[in-house]
Amino acid sequence: MLDRKFVVENLDLVEENCRRRGAKADVRAFAELEAQRKAKQAEVDELNRQANAVSKSIGKAKDAEEREARKNEGRALREQTTAAAAELEQIAAEADAILRTMPNLSHPDAPVGETDESNLELRRGKHEPPKFDFKPLDHVEVAEKLDLIDFEGGAKVAGHGFYFLKNDAVLLELALQRYALEVLLKEGFAPTITPDMARNEILHGTGYIPRGPETQIYSIADTDLSLVATAEITLGGLLSGEILEADRLPIKYCGISHCYRTEAGAGGRAARGLYRVHQFTKVEMFAFTLPDESEAMLDYFCELECRLFDGLGLAYRVVDTATGDLGGPAYRKFDLEAWMPGRGESGEYGEVTSTSNCTDYQARRLGIRSRTGEKGTAFVHTLNGTAIAISRALVALLENYQQADGSVVVPDALRPWVGKDRIAAV
RNA sequence: GGAUGGGUGGCCGAGUGGUCUAAGGCGGCGGUCUUGAAAACCGCUGUACGGGAAACCGUACCGGGGGUUCGAAUCCCUCCCCAUCCGCCA
């Protein structure tokens with residue numbers, strides 16, 4: 001969430017930012033409530049002060065009679081305090097509800113626009129899309145011929161959007177994890193395998209809404225837990241409530257987790273095969289940085305994503321995400337879109353990774369601060385980035401490396417872990 | 001899942017109803033001494049919000065939430081977490 005004081009002092013700026021990001025937050029109403037909150041807080045503080053003074057005087061009272069009189073005085077004050085505190089809570093809750101609907105500020109260079117159609121292509125990877133002397137199949141057909149993915153089996157046991165990876169697809173998944181991990185370990189990321197569930201409080205802190213009609217999140221009945229949509233949630237939550245010494249920063253984690261998404265409201269969008277599924281595995285990067293280090297870290301994350309996909313020999317483009325498509329927490333976001341020959345009429349770019357600088361938006365809610373010199377603390381900045389989302393990477397690999405005979409060539413980078421250079425029908 | 005014991009400041013740790021404005025120690029910062037350093041000694045050293053030009057003052061915070069009381073780190077309820085033992089189990 002945003003800093004409440006900043007919002008009050010920059011009403012026009014925040015309103016304009018909400019407009020650009022397609023968020024309907026009543027910024028003016030918030031400012032009004034915030035003024036009321038401050039006044040009520042002062043009232044509660046003053047009543048508390050008086051009540052404390054009375055309480056202290058009771059211990060020093062001369063006789064029983066005076067003690068009784070003082071007690072009555074104290075009781076009356078505490079009643080007033082309780083009433084004022086209840087009003088304060090009411091006002092604060094209303095103000096917070098509005099504050100939570102305000103998205104993060106936006107990087108001045110982020111393209112302004114309502115949808116992903118305004119996204120700005122920044123550059124392309126070092127590989128060209130492959131040329132085929134046959135009509136390339138989409139990944140569902142490629143996988144079908146090689147018996148790599150069982151969508152019907154997935155639907156039978158868990159419904160549409162679930163699948164079994166089979167045979168060499170299993171090796172591909174594990175190889176992709178190892179490949180990504182290898183690169184990230186060399187870069188100094190602390191590797192983790194995170195919980196696949198998190199408390200709803202942590203979800204909120206990272207900007208995910210666990211309940212409601214449009215939620216992307218599966219919640220676990222009769223508990224305070226939800227299935228995570230990404231390891232960003234668990235990794236961000238890992239240091240919640242902590243004050244970090246500045247010399248520990250930046251802290252870089254990578255985390256492997258399963259990701260669960262309801263995809264509510266995604267009906268009609270390209271949903272064939274592995275592209276949009278309810279469960280997949282992802283290797284995620286996450287960093288906590290000092291405020292003035294986050295922009296460089298975002299570029300670094302993006303560069304690592306490029307390196308990973310260049311290393312797989314896949315063609316991609318990097319786009320700067322438009323304001324309307326940034327979601328709540330991101331200040332700036334870069335996506336990698338890999339070339340998918342089987343997508344659309346004759347191939348299209350499809351999103352495979354995403355990296356965001358969330359500045360202090362998540363850290364404020366999660367209470368993650370750094371010590372700044374002698375006195376005081378500052379909220380850290382948090383960043384996340386996809387190293388490899390396995391399902392989307394499989395789409396790209398199967399479609400780009402398919403051969404005329406129906407087999408799929410294994411890219412060099414994955415051969416050590418797949419143990420073969422080609423996946424062919426048995 | 002059951003039993004027992006715990007959760008206190010950056011860290012360790014004392015504290016069973018009002019002088020808690022949380023002892024003591026460690027670490028950190030400043031100073032004295034010293035050519036310099038170490039040691040010793042002295043002082044300072046939590047977070048947030050509000051007020052103030054500042055010094056400083058006020059309020060809240062002792063795992064989270066609720067309760068009893070004029071007053072709670074302390075008593076009660078509840079939840080979470082940690083340790084140990086038992087049960088179950090990959």
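Since the model is a prediction, treat every value here as computed from it, not as a measurement. Values below: every heavy atom of this structure, side chains too, minus hydrogens, waters and symmetry copies. Letters A, B, ... are given to chains in the order of the sequence lines, protein chains preceding strands, and every chain is numbered from 1.
One can place NE2 of A:H204 at 21 Å from P of B:G64, the figure rounded to the nearest angstrom. A straight line from CD of A:E201 to C1' of B:C81 spans 13 Å, rounded to a whole angstrom. At whole-Å resolution of the value, CG in A:L244 and C1' in B:U47 are 14 Å apart. Atom-to-atom, CG of A:L47 to P of B:G50 comes out at 19 Å; the value is rounded to the nearest Å. In this structure, CZ of A:R4 is placed 10 Å from P of B:G50, rounded to the nearest angstrom. In this structure, A:N48 atom CG and B:C57 atom P are separated by 19 Å, rounded to whole Å. In this structure, A:E242 places its CD atom 9 Å from P of B:C11, rounding to the nearest Å. The CG atom of A:L239 sits 16 Å away from the P atom of B:G10 (whole-angstrom rounding).
A donor-acceptor pair shorter than 3.5 Å cannot be found between the side chains of A:E305 and A:Y316. Looking only at atom types and distance, the side chain of A:E173 has a donor-acceptor partner in the side chain of A:T281 under 3.5 Å away. Looking only at atom types and distance, the side chain of A:S106 has a donor-acceptor partner in the side chain of A:R21 under 3.5 Å away. Looking only at atom types and distance, the side chain of A:T359 has a donor-acceptor partner in the side chain of A:N104 under 3.5 Å away. For the residue pair A:N48 / A:T81, no side-chain donor-acceptor distance below 3.5 Å is found, with atom types taken as modelled.
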Using nucleotides 18-20 of chain B, report all nitrogen or oxygen pairs with the protein that are shorter than 3.5 Å.
{"unit_1": "B:G18", "atom_1": "N2", "unit_2": "A:S55", "atom_2": "O", "d": "2.6"}

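Atom P of B:G28 sits at a distance of 10 Å from the matching atom of B:A39, rounded to the whole Å. When the C1' atom is compared between B:C79 and B:G71, the two are found 26 Å apart, to the nearest whole Å. Comparing the same atom, C1', in B:C41 and in B:A55 gives a spacing of 28 Å after rounding to whole Å. The same atom, C1', is picked in B:G46 and in B:G10; the two are 9 Å apart, to the nearest Å. Taking atom C1' in both B:U74 and B:G67, the straight-line distance is 15 Å, to the nearest Å. Rounded to whole Å, the separation between the C1' atoms of B:A60 and B:U21 comes to 15 Å. Nucleotides B:C12 and B:U19, compared at atom C1', are 27 Å apart to the nearest Å. To the nearest whole angstrom, the two C1' atoms, one in B:G43 and one in B:C49, are 29 Å apart.
For A:R199, the side-chain atoms get nearest to B:C81 when compared with the rest of B:G58, B:C81, B:U47.
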A:L88 vs A:R37, side-chain contact (heavy atoms from CB on, under 4.5 Å): CA-CA, chis, key distance, verdict: CA-CA 6 Å; A:L88 173 64; A:R37 192 186 64 81; 3.8 Å; yes

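Pair assignment for B:U59 gives B:A48, based on Watson-Crick or G-U wobble hydrogen-bonding distances that are each under 3.5 Å. The nucleotide B:A83 finds its pairing partner in B:U4, both defining distances of the Watson-Crick or G-U wobble pair being shorter than 3.5 Å. In this structure, B:U32 and B:A40 make a Watson-Crick or G-U wobble pair, each of the two defining distances being under 3.5 angstrom. With a 3.5 Å ceiling on both atom-pair distances, B:A22 lacks any Watson-Crick or G-U wobble partner.
More than 12 heavy atoms of other shown residues, nucleotides or ligands fall within 6.0 angstrom of atom CD in A:E87.
Contact annotation for A:K40: no contact, since no heavy-atom pair falls under 4.0 Å across all strands. Backbone-only engagement by A:N52 is indicated by non-hydrogen atom pairs under 4.0 Å involving sugar-phosphate atoms exclusively.
Close to B:U59, at under 4.0 Å from its OP1 or OP2, lies no side-chain N or O of A:K38. For B:U69, neither phosphate oxygen OP1 nor OP2 lies less than 4.0 angstrom from any side-chain nitrogen or oxygen of A:R78. When the side-chain nitrogen and oxygen atoms of A:R49 are compared with OP1 and OP2 of B:A60, none of them lie within a distance under 4.0 Å.
Note that the CG atom of A:L397 and the CE atom of A:M340 stand 9.5 Å from one another [nearest 0.5 Å].
Residues A:H139 and A:L274 have side chains in contact (heavy-atom distance under 4.5 Å, counting atoms from C-beta outward).
Take the nearest nucleotide of RNA chain B for A:A51 and for A:D3: the residue whose nucleotide is more 5' is A:D3. In terms of position on RNA chain B, the residue among A:E245 and A:Q50 whose nearest nucleotide sits closer to the 5' end is A:E245.
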